[in-house]
There are 2 protein chains.
Amino acid sequence: MQEEIQQGRIRIKDIAEKAGVSVGTVDRVLHGRPNVSEKSRIKVEEVLKRIDYQPNMYASALASNKYYKFFCLFPQHKPGEYWTEVEKGVMRAQSKFNDFNISVEIFYYDPFDSQSFLKAAEQMQQREFDGVIINPTKVEVTSQFTEQLHEKEIPFVFIDSNIPELHPLSFWAQNSQKSGYFAARMLKLLAPNSEVGIFRQVVSGHVGSNQQLEREEGFLQYMKEHHKDTIIHTLELPAKNFGRQFDIMDKFFAEHKNMHCGICFNSKVFGIGEYLEKRHKKDFRLMGYDHLERNNECLRNGFVDFLIAQHPWKQGYGSVQILIDYLILKKEVMRYNYVPIELLTAENIEFYNKTN
Amino acid sequence: MQEEIQQGRIRIKDIAEKAGVSVGTVDRVLHGRPNVSEKSRIKVEEVLKRIDYQPNMYASALASNKYYKFFCLFPQHKPGEYWTEVEKGVMRAQSKFNDFNISVEIFYYDPFDSQSFLKAAEQMQQREFDGVIINPTKVEVTSQFTEQLHEKEIPFVFIDSNIPELHPLSFWAQNSQKSGYFAARMLKLLAPNSEVGIFRQVVSGHVGSNQQLEREEGFLQYMKEHHKDTIIHTLELPAKNFGRQFDIMDKFFAEHKNMHCGICFNSKVFGIGEYLEKRHKKDFRLMGYDHLERNNECLRNGFVDFLIAQHPWKQGYGSVQILIDYLILKKEVMRYNYVPIELLTAENIEFYNKTN
DNA sequence: CACATTTTCGTGTTCGGACACAAAGGTACA
DNA sequence: TGTACCTTTGTGTCCGAACACGAAAATGTG
């Protein structure tokens with residue numbers, strides 16, 4: 001079958017022949033470049049209307065011989081944490097689309113220090129780049145950066161959470177509210193009649209991330225709609241060494257003898273799981289977020305029952321793809337991209353795959 | 001940033017310069033073609049060892065100017081059924097990789113008539129093709145075709161289920177046994193103390209598909225390991241108009257008053273769900289397989305509680321990708337590809353997305 | 001050593017599209 | 001009618017890799 005010519009493929013040359021003009025003219029029409037007479041333009045457009053021309057993107061990228069630089073702005077993190085997976089996705093996309101002549105560079109900010117976000121942004125702006133992937137922080141801070149990007153007409157994609165009013169090109173995230181709602185349904189199945197504990201991560205006294213708040217909101221909404229009488233207790237624990245405050249936790253559990261299930265709206269649930277393990281507390285059903293090695297370990301040991309995963313890998317990969325589609329392939333891009341809300345259990349976790 | 005030359009990219013030309021030979025010689029070494037002196041070969045191989053050469057696949061595909069034809073052999077089906085989604089994935093891959101000069105053609109067989117499989121295979125063999133995606137039927141039948149493929153050295157990928165002893169290039173499927181095991185865990189959560197009903201699809205008296213059998217096997221294993229005392233009732237229903245045999249079903253439900261949950265190990269669970277709806281039977285928890293419009297409708301109405309999805313779209317897309325990686329990009333391919341075992345509920349189904 | 005044959009190797013063309021450049025056509029004005 | 005200038009159009013080169021072809025070098029044979 002090889003060595004044959006496929007009839008289906010239409011080239012610029014074919015269009016030129018059909019329209020009775022040269023390839024140069026077709027090229028000018030296709031790209032909306034000037035210096036084409038009305039007569040020629042119409043001839044070409046007629047042909048384009050009749051046929052379905054799909055340019056060979058690889059030939060195109062090859063010929064244009066351009067180089068694209070994408071920057072990422074992510075929170076600082078330790079290896080093995082949530083953002084490591086996002087980065088893996090980004091890097092995978094970079095190598096996968098390497099032949100388009102792209103490269104990606106990651107910048108970091110301290111999520112607990114908003115000045116740090118702007119400092120990193122400033123560093124980036126001293127260099128040239130064609131697109132950015134941003135994990136947004138507070139609106140007032142993020143907007144300072146994105147306004148400059150809008151001015152320079154540099155597209156940006158939000159990742160992991162979204163701020164629609166800053167008008168990103170697109171975003172990749174999970175619907176936090178709905179995922180909290182789903183979590184509530186699942187927790188109620190695990191422990192239908194139990195009081196519920198919520199383990200909050202706080203930084204200097206208040207919940208840092210919007211995501212955590214939105215998940216809790218969805219969770220509470222489900223309870224209001226379906227199980228109004230459920231009693232909920234909340235324990236606030238500092239982000240540093242989350243779950244290692246054994247004395248506070250002992251007290252919390254001792255005070256609520258009828259609380260046999262709980263949830264943690266961030267990826268640090270292993271902190272609680274490991275506490276339960278230390279205390280040999282097997283009668284407590286626990287849920288949390290994200291496919292991290294330490295969380296998975298708890299799942300396998302039975303100290304976490306369910307994890308909700310949000311495909312960080314896919315978010316990273318997808319964000320790069322969005323920029324490529326928009327800048328290089330000139331395709332329409334989806335303005336919103338929600339990752340699925342997935343339930344991981346000891347029984348299905350081995351098949352939660354990270355490949356594309 | 002555009003218009004710059006990226007330092008990182010290495011071309012054949014660069015290798016030639018470093019090795020002090022011409023591009024022709026480098027090309028011969030890279031492809032293992034003859035007519036290269038030992039001396040030149042070593043010079044080139046030295047350079048290749050030092051650097052990490054990643055050929056520009058798009059330039060390569062462009063230059064080779066080959067055309068690849070892939071065939072699929074799938075079961076006949078009506079629109080909207082499971083296999084429609086697989087086909088969508090295949091077609092998406094075809095258009096996505098169109099610039100590699102590939103095209104895909106689908107052949108069908110009657111899953112209840114094994115002669116039909118071989119007839120379709122024969123039809124295919126009268127034409128030329130470079131790779132096949134096969135949904136295997138019985139081993140004895142499938143092997144007749146795959147042996148011929150091995151002789152001709154045409155690679156084939158199994159989809160939806162696997163027969164390892166026929167040595168496919170790769171396969172894409174869900175682990176049926178584990179997915180049944182997972183289903184059992186979930187059903188036990190839904191109705192912890194209830195007797196269980198299994199709704200089997202049978203054709204002329206016996207279960208047609210391996211997949212259904214393996215899922216049931218996994219299901220029973222979970223029950224044996226964790227809930228030995230669970231009472232299970234089985235109802236066999238013919239594939240034609242599955243779930244429309246109201247009289248038989250009425251009898252089944254009447255006979256088992258303590259049976260408040262059930263499962264159906266194939267994608268036709270909507271048949272049972274719609275029965276429950278007609279009978280206004282809200283006290284029965286039902287599980288089934290696959291993201292089909294009629295199943296989703298049952299999920300939304302509350303007559304099916306959980307669906308297990310198996311990414312048919314991804315299986316189709318992935319199978320084409322395997323053939324491309326192997327034949328065109330000459331990459332190592334994964335020999336086994338399991339799709340995740342995903343739980344769909346009314347709360348998360350809207351985010352079960354089919355995009356890549 | 002002359003000549004034929006085989007092996008080795010470099011050059012040139014090709015793929016489809018982007019873009020530079022030059023040639024041709026058109027218009028304006030003295 | 002000639003010249004200047006702008007618009008329109010076609011041609012040629014390039015991107016990176018594949019492969020055909022022919023030249024050069026090595027080997028074989030009488």
Side-chain angles (χ1 to χ4, degrees), chain A residues 2-17 19-44 48 51 53-68 97-102 327-330, chain B residues 2-17 19-44 48 51 53-68 97-102 327-330:
Chain A
Q2 303 176 5
E3 302 299 342
E4 248 174 53
I5 295 128
Q6 197 197 2
Q7 324 77 333
R9 286 208 70 83
I10 294 148
R11 301 157 302 172
I12 284 190
K13 208 174 150 188
D14 302 316
I15 300 172
E17 269 171 31
V21 297
S22 74
V23 291
T25 303
V26 175
D27 181 75
R28 278 178 278 262
V29 173
L30 283 172
H31 292 86
R33 282 194 258 271
N35 300 329
V36 185
S37 67
E38 205 51 28
K39 215 168 58 179
S40 301
R41 159 164 288 115
I42 286 169
K43 279 197 289 188
V44 173
L48 286 175
I51 59 153
Y53 173 62
Q54 295 284 81
N56 185 326
M57 280 311 165
Y58 307 123
S60 166
L62 186 61
S64 77
N65 204 26
K66 278 181 193 152
Y67 172 55
Y68 293 87
F97 299 112
N98 192 32
D99 291 341
F100 279 136
N101 247 322
I102 63 157
L327 288 168
I328 307 182
L329 307 183
K330 319 278 185 207
Chain B
Q2 304 177 4
E3 304 297 343
E4 247 175 56
I5 293 130
Q6 197 197 359
Q7 324 76 331
R9 284 210 73 81
I10 294 149
R11 300 157 302 170
I12 283 189
K13 208 174 148 186
D14 302 316
I15 299 172
E17 268 170 32
V21 297
S22 75
V23 290
T25 302
V26 175
D27 180 75
R28 276 178 279 262
V29 174
L30 283 172
H31 292 86
R33 281 193 259 272
N35 300 329
V36 185
S37 67
E38 204 52 27
K39 215 168 60 179
S40 301
R41 160 164 291 115
I42 287 169
K43 279 197 287 186
V44 173
L48 287 176
I51 59 153
Y53 173 61
Q54 293 286 76
N56 186 326
M57 281 309 163
Y58 306 124
S60 167
L62 186 62
S64 77
N65 205 25
K66 279 182 194 153
Y67 171 56
Y68 293 87
F97 299 112
N98 192 33
D99 291 340
F100 280 135
N101 249 322
I102 64 158
L327 288 168
I328 307 182
L329 306 183
K330 319 275 184 210

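In what follows, chains carry the letters A, B, and so on, assigned in the order in which the sequence lines appear, proteins first and then strands, with residues in each chain numbered from 1. Every value quoted in this text rests on a predicted model; they were computed, and no experiment measured them.
Atoms CZ and CG, on B/R41 and B/N35 in that order, are 10.0 Å from each other to the nearest 0.5 Å. Remark: B/N101 CG to B/S64 OG distance equals 8.0 Å, nearest 0.5 Å.
For the pair A/R11 (side chain) and A/N56 (backbone), a donor-acceptor distance under 3.5 Å is absent.
In this entry the distance linking CZ of B/F100 with C1' of D/dA17 reads 13 Å, nearest Å. For A/D27 and D/dC14, the CG to P distance is 18 Å, given to the nearest whole Å. Between A/N101 atom CG and C/dA18 atom P there is a gap of 15 Å when expressed in whole angstrom units. Residue A/M57 contributes atom CE, which lies 10 Å from atom C1' of C/dG17 at whole-angstrom precision. One atom, CG of B/L30, and another, P of C/dC9, lie 15 Å apart when rounded to the nearest Å. If you measure from atom CG of B/L62 to atom P of D/dG16, you get 12 Å, rounded to the nearest angstrom. In this structure, A/H31 atom NE2 and C/dA20 atom P are separated by 12 Å, rounded to whole Å. What separates CG of A/D14 from P of C/dC15 is a distance of 11 Å, to the nearest Å.
Looking at residues two or more places apart in sequence or on another chain, you find no salt bridge (charged side-chain N to carboxylate O under 4.0 Å, His left out) involving A/R28.
Contact annotation: A/Y53 side-chain N/O to C/dG17 OP1/OP2 distance is under 4.0 Å. Checking the phosphate oxygens (OP1, OP2) of C/dC19, a side-chain nitrogen or oxygen of A/R33 falls inside 4.0 Å. In this model, the phosphate group of C/dA18 is not approached by any side-chain N or O of A/Y58 to a distance below 4.0 Å at OP1 or OP2.
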Yes or no on side chain to side chain contact (heavy atoms under 4.5 Å, CB included) for B/I102 and B/L327, after CA distance, side-chain angles and deciding distance? CA-CA 11 Å; B/I102 64 158; B/L327 288 168; over 6 Å; no

Below 3.5 Å between N/O atoms, which protein atoms pair up with nucleotides 8-11 of chain D? Just atom names and distances, please.
| residue | atom | partner | partner atom | Å |
| --- | --- | --- | --- | --- |
| D/dT9 | OP1 | A/S37 | OG | 2.8 |
| D/dT9 | OP1 | A/S40 | OG | 2.6 |
| D/dT9 | OP2 | A/S37 | N | 2.9 |
| D/dT9 | OP2 | A/S37 | OG | 3.1 |
| D/dT9 | OP2 | A/S40 | OG | 3.1 |
| D/dG10 | OP2 | A/S22 | N | 2.7 |
| D/dG10 | OP2 | A/S22 | OG | 2.8 |
| D/dG10 | OP2 | A/T25 | OG1 | 3.0 |
| D/dG10 | N7 | A/R28 | NH2 | 3.0 |
| D/dG10 | O6 | A/R28 | NH1 | 3.2 |

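A heavy-atom distance below 4.5 Å is not found between the side chains of A/R9 and A/D14.
Here C/dG16 is the nucleotide among D/dA17, C/dC19, C/dG16 with the atom lying nearest to any side-chain atom of A/N56.
Scanning both residues, B/Y53 and B/L48, for their nearest heavy atoms gives CB-CD2, 4.1 Å.
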